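All heavy atoms count here, side chains included; hydrogens, waters and symmetry mates do not. Predicted model, so just to flag it, every value in this text is computed and none were measured.
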Amino acid sequence: MRLDGELDGVMAFRMEDARISGIYYVRNPEKLTRVESETPLTLR
């Protein structure tokens with residue numbers, strides 16, 4: 001996620017049996033320094 005063009009956080013989803021079983025959002029600036037690229041979401 002970006003806020004005013006800057007990385008604000010990263011969202012991840014845990015899937016079990018084709019259903020979302022967990023949603024995680026990281027905003028810790030120290031952890032975000034390791035994020036190198038974005039992965040665009042696509043529909044299947």
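- A donor-acceptor pair under 3.5 Å links the side-chain atoms of R14 to the main chain of S21, judged by distance alone.
- Connection of L3 to Y25 is not established within any shared hydrophobic cluster, with ILVMFWY side chains joined at heavy-atom distances below 4.5 Å, either directly or through further cluster members.
- Here E30 contributes atom CD and L32 contributes atom CG; the two are 10.0 Å apart, rounded to the nearest 0.5 Å.
- R2 and L7 get closest at one heavy-atom pair: NH1-N, 3.5 Å.
- Under the 4.5 Å side-chain contact rule for hydrophobic residues, Y24 and M11 do not share a cluster.
- Of the possible polar contacts, none joining the D17 side chain to the R19 backbone as a donor-acceptor pair under 3.5 Å is found.
- Between R27 and D8, the closest heavy-atom pair is NH2-OD1, 3.0 Å.
- Within a 6.0 Å radius of CE in M1, no more than 12 heavy atoms belonging to other residues, nucleotides or ligands are found.
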